[in-house]
Colleague: 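Can you read through this structure? Questions will come right after.
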Amino acid sequence: MMMEPNVLYVDPSVLTYAISAVAAVAVSIGAVVVIQWRKAKKKVVEKLNLEDKSIKETEGAVELIDAED
């Protein structure tokens, strides 16, 4: 008994849909990773008191000096 080879035809619209679905999954995973990273970073910064804006030192205003004076 001889077996016939299977012939598979993939319509271009189906391939486009599949690529779009894969891209959507990749973007969704990336968004979740970024959101979780920011939440974790915020917790670490708050826990270790690394970024207290009230302690930061700022410089005064910068004045331009004219070379002709």
Colleague: Taking C-beta and beyond as the side chain, do Arg38 and Lys42 meet within less than 4.5 Å on heavy atoms?
Modeller: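 They are not in side-chain contact.
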Colleague: Hey, could you give me each pair passing side chain to side chain donor-acceptor pair (under 3.5 Å) that has a residue in residues 23-37? Not counting sequence neighbours.
Modeller: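 Residue pairs passing side chain to side chain donor-acceptor pair (under 3.5 Å), neighbours aside: none found.
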Colleague: Under the side chain to side chain contact (heavy atoms under 4.5 Å, CB included) rule, collect the residues that match up with Leu8, sequence neighbours excluded.
Modeller: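 With neighbours one apart ignored, the set is Val10.
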Colleague: Does any non-hydrogen side-chain atom of Tyr9 lie less than 4.5 Å from one of Val7?
Modeller: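 SC-SC contact between Val7 and Tyr9 ruled out.
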Colleague: By the rule that ILVMFWY residues connect when side-chain heavy atoms come within less than 4.5 angstrom, directly or transitively, which residues belong alongside Val25?
Modeller: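 Taking Ile, Leu, Val, Met, Phe, Trp and Tyr as members, Val25 shares its hydrophobic cluster with Ile29, Val33.
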